[in-house]
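Sequence lines set the chain letters: A, B, ... in the order given, protein chains first and strands last, and positions in each chain run from 1. Everything numeric in this text was worked out from a predicted model, so none of it was measured. Scope of the values below: all heavy atoms of this structure, side chains included, with no hydrogens, waters or symmetry mates.
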Protein chains: 2
Amino acid sequence: MELSERKKKILQAIIDDYIVTAEPVGSSHILKSHNLGISSATVRNEMASLEEGGYLEKPHTSAGRVPSYLGYRVYVDELMNEYRLSVSEISQITNAFRQRYAELSKTIEGISNAISGLTNYTTLYTTPASCGTIIKSFKLIPIDEKSFVMIVVMDDGSVKNRTIRVKSEFDSGVLEKLSNYLNYRFSNINSSILTPETLEGEKQLVPIESGMLDSIFGFLADIANSDNSGDLLLTGTTNIFNHPEFSSIDRTREFLEFVKKDNIGKLKELISATGDSTSVIIGNENPVLKDKDISLVVSNYSLGGGVKGKLAIIGPTRMDYARVISTLDYLTGCINEAISKEGEQID
Amino acid sequence: MELSERKKKILQAIIDDYIVTAEPVGSSHILKSHNLGISSATVRNEMASLEEGGYLEKPHTSAGRVPSYLGYRVYVDELMNEYRLSVSEISQITNAFRQRYAELSKTIEGISNAISGLTNYTTLYTTPASCGTIIKSFKLIPIDEKSFVMIVVMDDGSVKNRTIRVKSEFDSGVLEKLSNYLNYRFSNINSSILTPETLEGEKQLVPIESGMLDSIFGFLADIANSDNSGDLLLTGTTNIFNHPEFSSIDRTREFLEFVKKDNIGKLKELISATGDSTSVIIGNENPVLKDKDISLVVSNYSLGGGVKGKLAIIGPTRMDYARVISTLDYLTGCINEAISKEGEQID
DNA sequence: TGTTAGCACTCTTTTGGTAAGAGTGCTAAC
DNA sequence: GTTAGCACTCTTACCAAAAGAGTGCTAACA
């Protein structure tokens, strides 16, 4: 069904209103807020037609219309007006970005937090995943007679460490030997090739007698394993209380439980699978969100030095898409601009 | 007001019932569930007296009685029966504890998670705070021409690191010199003495010319600063949906917002201030919880090697104190026992 | 032929009023 | 001191009526 210009205008008007009021929109209501130059009867006819086309829905006979998922899709793809960020919004984004913390993860959390506050929705972000990075070097540092710290520095500057405690005392000479061996054997290789099989075979060949080998190789295996699995974290979960669709305790519970534990894996997959440009997933469009009345807007962030991740907004399908998209895009722009300034210290 | 034995029995019966049903308890109701050998009229008289003494409250004239904070206090201190954990509960605790993860923080999170599941309340835990630990050694490892990783190993085996990027290229000789200098000057000292003043003075005296000094000393300052401030983390927040006092969206919102961000600092203080034995904070007893109808049960955990922290349950004042306390105490016992087994590998 | 005024009809929400239920507190008797 | 009995209070559940919002259809109109 090809939509006439008038139908598009009406659809847009309905969704614009619905996003603000969260109430089904009636024919006469539209005329008050939009100057369409037609009567309510005409609007009613068009609405009936739009409903037939699957763009609108009726909660019940005597209620106004509500957008369907298809309606939102058309709205997002071609109807909505671009949202222009206010000066205050722009300055908040800029501030969030300027305020770099000592730890990378804190920086991203800070940005995510700002986005939550700004949009009034919940923000999801992946921590930077070091998918198959290269091991740079090893250090084994004694703590006391029976324990030491094993430190692995990756090519991208990330550091992994574990305290290893063993049953009997060791002397530091062994640590030195082991350290040298690890550096000789495993440095400058991609961690992803450290499969359990490779490691098992390698362990047999170590020319150093020691009870620590199991722990050391266990850690190596974990590194290979944990790689490419950045976490998916949340900020602003309590923002959902601000939206009328979550005024029922059951809906809220469903949302909060959805966004925790069990489904976080599915959500992460969904978010990771999106492309390089900002993308919008509306309600039932994806089985993961089926019947949840939830939409996602996913964008990409990059903090330079190969640090990349996803930043997503999750909220009711009745989301202020224009504003959310503008906010995310502005943020992305900000970051890229800052990074391209060669020489700026990023950390 | 000194409570007679009969009053104590009645108070206990009321609270026992109320903890299960969450409904105001009436005089005849008590007689059904507890064999007190007196009539409902007598119970009513005693209840009126208990109310006068401040142990009970009435939601309205024709409702049953509900415990006051004072009532709960007496209940927790002298009335409640000890809860005996079921075999299934014991095995769940044991399992949670056995399943050690690679990272310390994951282990604690796992235990906290198990406790949330077991008790059906929200669990708070502090990550181990390394209050004024001693610096063991430094490593500076180059990443590329313009960046390196600075690693600081602490006496207790914890590792802190930061990637430092500088404006102009450096050669690895400088790093080596700096590394030696740091080890010579700062190893085996308590990080808490690294005040901004000390560091500023020290920076002037470094015999090595380098643009990296600011970043390096900045990191040192952060280490001294960030010390003794373990985070306060949560598991099982959505458990509150299982309790009838949170069936209203407003109460739930209040709880979830309380337990997030703004108040987390206050909560941390409150929890940290408790003593070495398991302690119970009931409703208004503490200004932080004022009018929130929330109670806390706080216990201490220790994972050996100086790793200590708090593990707390937060929930409605109508909490199953006996069960919560037993669960936490059993867990603590478990841990201590495991640790005292010399030679067991803990990590 | 597309547009519009008018109106009957439907469905939800609000309101108010009554009945049922639970529990107290008092009184008088034991 | 304890208890049976009963009047009284307050909440909750239920139902019916009224109000309100919006549609869909019909007939008239440009």
Just how far, in rounded Å, is C1' of dT3(D) from CG of L36(B)?
15 Å

The nucleotide from dG25(C), dT12(C), dT2(D) with an atom nearest the side chain of R6(B) is dT2(D)

Whether the T235(A) and N113(A) side chains hold a donor-acceptor pair (N or O, under 3.5 Å, no angle test) is what I'd like checked.
no

Does dT3(D) have its OP1 or OP2 closer than 4.0 Å to a side-chain nitrogen or oxygen of T42(B)?
yes

Note: R65(A)-E57(A) ion pair, threshold 4.0 Å (strictly below)
no

Among the nucleotides dT24(C), dA21(D), dT2(D), which one has an atom lying closest to any side-chain atom of M47(B)?
dT24(C)

What is the distance, rounded to the nearest whole Å, between atom CG of N45(B) and atom C1' of dC26(C)?
10 Å

dA21(D), OP1 or OP2 - any side-chain N/O from R65(A) closer than 4.0 Å?
no

Proximal nucleotide (of dT9(D), dG24(D), dT10(C)) relative to the S62(B) side chain:
dT9(D)

Would you kindly give the NE2-to-C1' distance between H29(A) and dG20(D), to the nearest whole Å?
14 Å

For dA4(D) and R44(B) - does any side-chain N or O of the residue sit under 4.0 Å from the phosphate oxygens OP1/OP2?
no

Students often mix this up, so state it plainly: with edges at 30° and 60°, are the rings of Y121(A) and H243(A) parallel, tilted or perpendicular?
parallel

Taking the side chain as every heavy atom from C-beta outward, state whether L296(B) and I313(B) have any atom pair closer than 4.5 Å.
no

Is there a side-chain contact between T61(A) and the phosphate of dC11(C), meaning an N or O under 4.0 Å from OP1 or OP2?
yes

Please determine whether a side-chain nitrogen of the Lys or Arg among R318(B) and D293(B) lies less than 4.0 Å from a carboxylate oxygen of the Asp or Glu.
no

If pairs are Watson-Crick or G-U with both distances under 3.5 Å, what is the dot-bracket string of DNA chain C, marking crossing pairs with [ ] and pairs to another strand with |?
||||||||||||||||||||||||||||||

L31(B) CG to dT2(D) P, in whole Å, measures 14 Å

S28(B) has its side chain closest, among dC11(C), dG23(C), dT24(C), to dG23(C)

Need one value for A41(A): base, sugar-phosphate or nothing, where a base atom within 4.0 Å counts as base even if backbone is also close, heavy atoms only.
base

Can you tell whether the side chains of E257(A) and K260(A) come within less than 4.0 Å, N to carboxylate O?
no

Using OP1 and OP2 only, check whether a side-chain N or O of K58(B) sits under 4.0 Å from dG23(C).
no

Closer than 4.0 angstrom, basic N to acidic O: yes or no for E285(A) and R73(A)?
yes

Side-chain N or O of S27(B) versus OP1/OP2 of dT24(C): is the shortest distance under 4.0 Å?
yes

